[in-house]
Amino acid sequence: MNFIVSTWAIVVKDVRSELRTRYALNALLMFVVTSVATILFALRDDELSPEILSGMFWVVIFFTAMSGLSRIFVSEEERGTTLTLQLVASPSVVYFGKLLFNSGLTLILSSAVTVLYVVVFPAFVIKSPLIFGFTVFLGSLGFASAATIIAAVIAKANTKGTLYPVLSFPILIPLLMTVMKSTARALDGELFTAALGEFQILVSYLLVMTAGSYLLFDYVWKE
Amino acid sequence: MKAVKYLSIILVTFVIIAGIAIPMVPEPQSLFEFPIIPGLEDKARNIFFHVPVAWTSVLGFLVALYYGFKYLRTKNLDYDIQSVSSAGLGMMFCLLATVTGSIWAKFNWGSFWNWDPRETSIFILLLIYGAYFALRSALGSDEARARLSAVYAILAGLTAPFFIFIMPRIVGGLHPGAKGDTSGSTPVAQLHMPPNMRFVFFVSLIGFSLLFIWLLNVRIRAARVEHQLSIKDH
């Protein structure tokens with residue numbers, strides 16, 4: 001019980017400091033708009049196939065997430081509040097608090113990209129909403145779980161910005177390949193049962209990454 | 001270590017001579033003749049070099065992972081020296097495996113790169129090695145470098161089952177053991193080799209593993225000396 005209360009306190013603290021500046025949210029949404037606009041300029045009037053669109057969908061999410069999700073730990077380091085946080089909360093509480101915040105942020109981000117894609121790409125028609133919903137939900141959670149622990153690792157490094165996508169990409173590849181495939185299924189309008197294999201991979205990825213991060217976080221967090 | 005050194009030199013030399021010099025004939029009669037495999041011919045000889053090198057690159061990663069894990073348990077910097085030495089060697093073997101495989105693929109499958117699941121896996125292994133060394137160079141203190149790079153190696157190792165067991169099943173491929181292979185899709189491809197080829201192949205696996213152990217030992221000793229000198233300088 002105490003664990004849940006403390007974790008929630010960390011989430012509330014992060015949401016509050018985020019709402020004060022709206023740094024991450026604004027930056028992420030502007031990044032989404034900019035990258036989708038760039039794709040539109042490159043395409044002009046060409047029609048894209050669902051396979052390419054589902055790939056592009058996750059490319060935008062990947063690079064946007066890489067520009068913003070590291071803030072969760074980098075900002076603590078920049079403000080010099082890491083030590084305070086180490087004193088007031090146990091590592092697992094900090095980890096799950098940050099993970100929940102990043103998961104929420106990723107879900108907002110992927111919903112924003114979905115809305116934008118439906119509006120601007122006529123070929124982006126979600127024919128099986130159930131597959132699409134599950135893919136985006138599980139994909140975002142898996143994304144956040146890997147991105148959070150890597151953010152904690154790079155917060156101590158010198159070149160944080162460039163290092164973040166470099167370290168995250170190899171770890172995220174299994175997830176990216178799976179979500180791209182099942183998003184293409186959703187756009188093709190396949191039956192829900194056809195995508196069950198992908199969902200199994202996504203769930204196992206999420207569990208493996210979260211459990212691994214939970215076990216390793218102590219070593220990252222404590223000097 | 002002397003025994004390992006000489007044994008690895010002898011075994012790898014044997015593999016180079018036997019793998020290249022034994023002629024390939026349509027109907028092999030003696031031990032010193034390999035059969036011609038239709039569609040592969042002399043290109044089949046690559047298996048004596050490419051597969052052991054690829055195996056050694058994975059071995060290098062596993063050893064780095066193991067010592068990284070030990071470092072986290074004990075905080076003894078010597079384990080980090082062993083871990084990074086192994087990762088450096090693994091990266092070299094990974095490059096060799098990529099190059100030998102890629103050249104072979106050009107002549108056998110028509111292009112240097114096809115994004116077959118195993119090609120994707122070795123590409124990701126290269127990326128992981130690259131990211132591991134990029135992370136190390138971005139960290140200031142010895143202690144943080146050892147700790148965080150060990151954590152990263154373990155995290156990267158956690159994704160390995162997805163590449164080894166899951167991806168080859170869902171994506172069709174060109175390597176043996178891929179989805180749609182008539183001899184069955186298993187994580188480890190079954191060997192369809194005559195006994196004498198199989199012998200050279202396993203000797204090669206052992207020879208390259210021993211070569212790895214010897215090179216690792218040399219690197220670790222050199223890295224320890226370097227570490228001692230850097231402590232003296234400060």
Side-chain angles (χ1 to χ4, degrees), chain A residues 73 77 142 145-178 180-182 185 194-198 200-223, chain B residues 61 65 68-75 80 91 94 115 117 119-172 179:
Chain A
F73 283 107
E77 209 72 29
S145 69
T148 305
I149 186 78
I150 300 290
V153 169
I154 61 131
K156 317 272 185 216
N158 301 325
T159 48
K160 300 175 176 72
T162 40
L163 209 54
Y164 194 42
V166 170
L167 291 192
S168 305
F169 185 60
I171 294 191
L172 280 171
I173 289 175
L175 182 86
L176 282 173
M177 291 180 80
T178 318
M180 281 176 184
K181 193 164 182 190
S182 76
R185 282 188 201 281
L196 276 181
E198 271 90 26
Q200 285 174 344
I201 300 178
L202 290 181
V203 170
S204 53
Y205 183 87
L206 175 63
L207 291 178
V208 165
M209 266 301 141
T210 313
S213 310
Y214 167 67
L215 293 173
L216 289 169
F217 189 70
D218 274 15
Y219 299 106
V220 180
W221 188 236
K222 282 186 196 149
E223 303 270 330
Chain B
F61 182 74
L65 190 73
F69 188 71
K70 276 191 114 167
Y71 172 79
L72 288 181
R73 297 299 294 270
T74 59
K75 304 279 168 178
D80 181 57
M91 188 170 180
C94 193
W115 292 112
E119 287 181 348
T120 313
S121 312
I122 201 106
F123 172 67
I124 292 161
L125 189 59
L126 264 181
L127 284 183
I128 289 172
Y129 277 130
Y132 175 86
F133 284 105
L135 174 66
R136 287 187 71 90
S137 58
L139 289 163
S141 74
D142 279 353
E143 191 272 334
R145 193 184 300 138
R147 185 163 47 89
L148 294 175
S149 62
V151 167
Y152 185 70
I154 295 173
L155 273 179
L158 283 180
T159 61
F162 289 93
F163 298 118
I164 300 167
F165 298 108
I166 296 172
M167 208 171 56
R169 303 271 172 89
I170 59 170
V171 189
K179 184 189 180 189

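The sequence lines fix the lettering, A, B, ..., with proteins before strands; numbering per chain opens at 1.
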Handout entry: Heavy-atom closest contact (B/Arg145 atom, B/Arg136 atom, distance)
Key = NE-O, 3.3 Å

Problem - B/Tyr132 side chain near A/Pro170 side chain, heavy-atom distance below 4.5 Å - result: no

Problem - Flag if over 12 foreign heavy atoms under 6.0 Å of CZ, B/Phe69 - result: no

Handout entry: Toward chain A, the part of B/Ala134 with a non-hydrogen atom under 4.5 Å
Key = both

Problem - Structural part of A/Tyr205 lying under 4.5 Å from a heavy atom of chain B - result: both

Fill in the blank from the handout: Answer key: most heavy-atom pairs under 4.5 Å with chain B among A/Ile149, A/Ile150, A/Val220, A/Asp218 is A/Val220

Handout entry: Part of A/Leu167 lying under 4.5 Å from any heavy atom of chain B
Key = both

Problem - Top contributor to chain A contacts, counting heavy-atom pairs under 4.5 Å, from B/Ala131, B/Ala138, B/Ser149 - result: B/Ala138

Practice task
Looking only at non-hydrogen atoms, find the nearest pair between B/Lys75 and A/Tyr219 and report the distance.
Solution key: NZ-CD2, 4.1 Å

Problem - Selection from B/Leu72, B/Thr159, B/Leu127, B/Leu139 maximising heavy-atom pairs under 4.5 Å formed with chain A - result: B/Leu72

Exercise for the section: Kindly assign one of parallel, tilted or perpendicular to the pair A/Phe73 and A/Phe217, based on the angle between their ring planes and the thresholds 30° and 60°. Expected result: tilted

Problem - Heavy-atom pair count under 4.5 Å with chain B, highest-scoring of A/Val153, A/Thr162, A/Leu172, A/Ile154 - result: A/Val153

Handout entry: Contact summary for A/Ser145 and A/Met209, nearest pair of heavy atoms
Key = OG-CB, 3.4 Å

